Protein chains: 2
Amino acid sequence: MLKYQQIATEIEKYIEDNKLQQGNKLPVLETLMAQFAASKSTITKALDLLEKKGVVYQVRGSGIFVRRHKRKGYISLLSNQGFKKELEGFHITSEVIELDVRKPTEEAAYNLNMNVEDDVYYVKRVQYMNKKTLCLEESFYNKSIITYLNNEIVSDSIFKYINEGLGLKVGFSDMFLQVNKINEEEAKYLGLETGAPGLYIETIYHLTNGQSFDFSKLTYNYEQSQFFIQANSHFL
Amino acid sequence: MLKYQQIATEIEKYIEDNKLQQGNKLPVLETLMAQFAASKSTITKALDLLEKKGVVYQVRGSGIFVRRHKRKGYISLLSNQGFKKELEGFHITSEVIELDVRKPTEEAAYNLNMNVEDDVYYVKRVQYMNKKTLCLEESFYNKSIITYLNNEIVSDSIFKYINEGLGLKVGFSDMFLQVNKINEEEAKYLGLETGAPGLYIETIYHLTNGQSFDFSKLTYNYEQSQFFIQANSHFL
DNA sequence: CAGTGGTCTAGACCACCCA
DNA sequence: GGGTGGTCTAGACCACTGA
């Protein structure tokens, strides 16, 4: 593990252990430099990482402060990539409905940047959170990248397998979000009425090298869907 | 403007001008260093900024590539802070329903970290996108920070005024997102039926120094709400 | 193994916050 | 004006990619 990642992890642990709250001040840079025997840039890099993750915010001329304005029961929409939910104290299980190798739909092929003649793994699952239906998921995996899947893997965490089993690194993802009335099939699997509200999210996942390997379409049960997102303003 | 921001801006412009597509390669670091007469770290910092914004991705040992997998008609959920929508080719207008100084609700006071006896500006607006109702918005501004608002400001872009008029810098925001059936009032303003799906987002906006100044509750018209989010995996 | 990006350092200097 | 974080540099060395 890299030095700056290690430092970031330890600072995060320090915040956790000392139960620091929103606005609490961390030690000054010089102290951190001494404590971790690292140069200023390395400490800064660790703090930048924590800032991206929404753990701290830095105020020039003033200090480094803890940021944790979370609410209970809300799932992080962004760290929602596969298996992180477990870590936030949500118990997620999956029921596999379909799993096979097939040709992709036009839509899936387009989003995965592959040909319609190439193979994909198709997975359809219902996910449960704390025993309630959370979402219906339909995923297409580029078979030339995700070379093998089976029922056992798919019942557990697919992303964990991609990371640890296949040794692939997920780099970034593009999410597209809409709200709609759910159709009959979605209603059936989610245990709701046809026409009920549904949060509909399509995501394209890419490896660190930019290749897209997964196109997923999820319909969330609106009764269970509470998400939070932490945004930074590099936008302005 | 800082050197690395300037460089980031120019690289973004270069991508735009040359109409580079997803996966296209940018010049190598050394070239960029020479071209902008900057050190490696400065170029890297500019590229990190662009990576955060979802404009490029960097692959070690290979190169720097363009990332633009956007879809037409989708609004960026994160750069949705106040006035950016204009820049994405959406025409947004507002109709002010209420604007006054009052005491905050318990909820607003809690989220703005102020006392219920302190004053807030309360704003209720309907926003229109390309002449269709986009959302109903209810906002509470901490009056000790946002010292003045009037009808003209509120009809235009409040965030533009906060930046340019008051000279305040927005730092980060916490968003909480749910899907619900809309109530009678929301239905009336959005021109929908009571019980129709609604995307409900609460956001707390903070200045760069961490002070929260705005607590907003938005209900989006599900027929107009298509959002995209670009995520990076510093999570894993 | 050449090309390319990533990490890390030491240090100079700058910019902002607050008392 | 003292304290604190941010920018920028030059350069050594490391790690991954792909032909």
Side-chain angles (χ1 to χ4, degrees), chain A residues 1-11 23-52 55-67 145 167-172 206-211 232-234, chain B residues 1-11 23-52 55-67 145 167-172 206-211 232-234:
Chain A
M1 189 179 239
L2 295 167
K3 193 164 181 177
Y4 80 91
Q5 292 176 331
Q6 185 61 43
I7 294 172
T9 307
E10 288 186 33
I11 293 176
N24 284 178
K25 195 167 181 293
L26 289 179
V28 301
L29 271 184
E30 211 164 342
T31 310
L32 296 172
M33 285 166 66
Q35 186 173 336
F36 294 108
S39 74
K40 190 171 176 176
S41 329
T42 304
I43 300 292
T44 300
K45 189 142 196 201
L47 291 168
D48 285 347
L49 183 60
L50 292 177
E51 191 165 51
K52 266 206 277 191
V55 176
V56 303
Y57 59 93
Q58 304 180 67
V59 185
R60 187 201 282 248
S62 177
I64 305 148
F65 303 91
V66 174
R67 177 178 176 195
I145 300 171
L168 299 172
K169 272 180 247 159
V170 179
F172 54 92
H206 305 258
L207 299 177
T208 42
N209 70 7
Q211 279 184 94
N232 294 309
S233 310
H234 31 263
Chain B
M1 188 179 240
L2 294 168
K3 193 165 181 177
Y4 79 92
Q5 293 176 328
Q6 185 62 44
I7 294 171
T9 307
E10 288 186 32
I11 293 176
N24 284 179
K25 196 166 181 295
L26 289 180
V28 301
L29 271 184
E30 211 164 345
T31 311
L32 295 171
M33 286 167 66
Q35 184 174 338
F36 294 108
S39 74
K40 189 170 175 178
S41 330
T42 305
I43 300 292
T44 300
K45 189 142 197 200
L47 291 169
D48 285 347
L49 184 60
L50 292 177
E51 191 164 52
K52 268 207 275 192
V55 176
V56 303
Y57 58 94
Q58 304 180 68
V59 185
R60 188 202 282 247
S62 176
I64 304 148
F65 303 90
V66 174
R67 177 177 176 196
I145 300 171
L168 298 173
K169 270 179 248 161
V170 178
F172 54 93
H206 304 257
L207 299 178
T208 43
N209 70 6
Q211 280 184 91
N232 294 310
S233 310
H234 32 264

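Source: prediction; values computed, not measured.
The distance between atom CD1 of Ile43(B) and atom P of dT4(C), rounded to the nearest whole Å, is 15 Å. Following rounding to the nearest Å, Asp48(B) (CG) and dG6(D) (P) show an atom-to-atom distance of 15 Å. When rounded to the nearest whole Å, the span between CD of Glu30(B) and P of dA10(D) equals 13 Å. For Phe36(A) and dC8(C), the CZ to C1' distance is 16 Å, given to the nearest whole Å. With rounding to whole Å, Gln58(B) atom CD is found 9 Å from dG6(C) atom C1'. Per the geometry, CD1 belonging to Ile64(A) stands 13 Å off C1' belonging to dG3(D), to the nearest Å. Taking atom CD of residue Gln6(A) and atom C1' of nucleotide dC8(C), one finds them 15 Å apart after rounding to whole Å. Between the P atom of dG5(C) and the NZ atom of Lys25(B) lies a distance of 6 Å, rounded to the nearest Å.
The shortest distance between the side-chain N/O atoms of Lys40(B) and the OP1/OP2 oxygens of dT9(D) is not below 4.0 Å. At least one side-chain nitrogen or oxygen of Lys3(A) sits closer than 4.0 Å to the OP1 or OP2 atom of dT9(C). Applying the 4.0 Å criterion to OP1 and OP2 of dG6(C), one finds that Thr44(B) has every side-chain N and O outside that range.
Residue-environment remark: CD (Glu30(A)) stays at or below the threshold of 12 foreign heavy atoms within 6.0 Å.
Side chain of Tyr4(A), nearest nucleotide from dT7(C), dT4(D), dG6(C): dT7(C).
For the residue pair Leu32(B) and Pro27(B), the shortest heavy atom distance occurs at CD1-O, 3.7 Å. Smallest separation of non-hydrogen atoms from Glu10(B) and Phe36(B): OE1-CE2, 3.2 Å.
Using a 4.0 Å heavy-atom distance criterion, Ala46(B) is classed as making no nucleic acid contact. Among the protein residues, Leu47(A) comes within range of no part of the nucleic acid, since none of its heavy atoms lies under 4.0 Å from any strand.
Between the side chain of Ser233(B) and the backbone N or O of Gly171(A), at least one donor-acceptor pair lies under 3.5 Å. Although no hydrogens or angles enter the test, the distance criterion places a donor-acceptor pair under 3.5 Å between the side chain of Glu51(B) and the main chain of Gln58(B).
The closest side-chain donor-acceptor pair between Asn232(B) and Arg67(B) falls under 3.5 angstrom. Using a 3.5 Å distance cut-off with no hydrogens or angles, the side chains of Thr44(A) and Ser41(A) do not pair a donor with an acceptor.
Note that NZ of Lys40(B) and CG of Leu29(B) are 6.5 Å apart. Values are rounded to the nearest 0.5 Å.
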#### Entry: Where protein sits on nucleotides 14-19 of chain D, one letter per nucleotide: B base, S sugar-phosphate only, - none, heavy atoms under 4.0 Å
-BBB--
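The aromatic rings of Tyr57(B) and Phe172(A) sit tilted relative to each other, their planes meeting at an angle between 30° and 60°.
Rounded to 10°, the helix from dC1(C)-dG18(D) to dC18(C)-dG1(D) has 30° between the axis fitted to its first five pairs and the one fitted to its last five.
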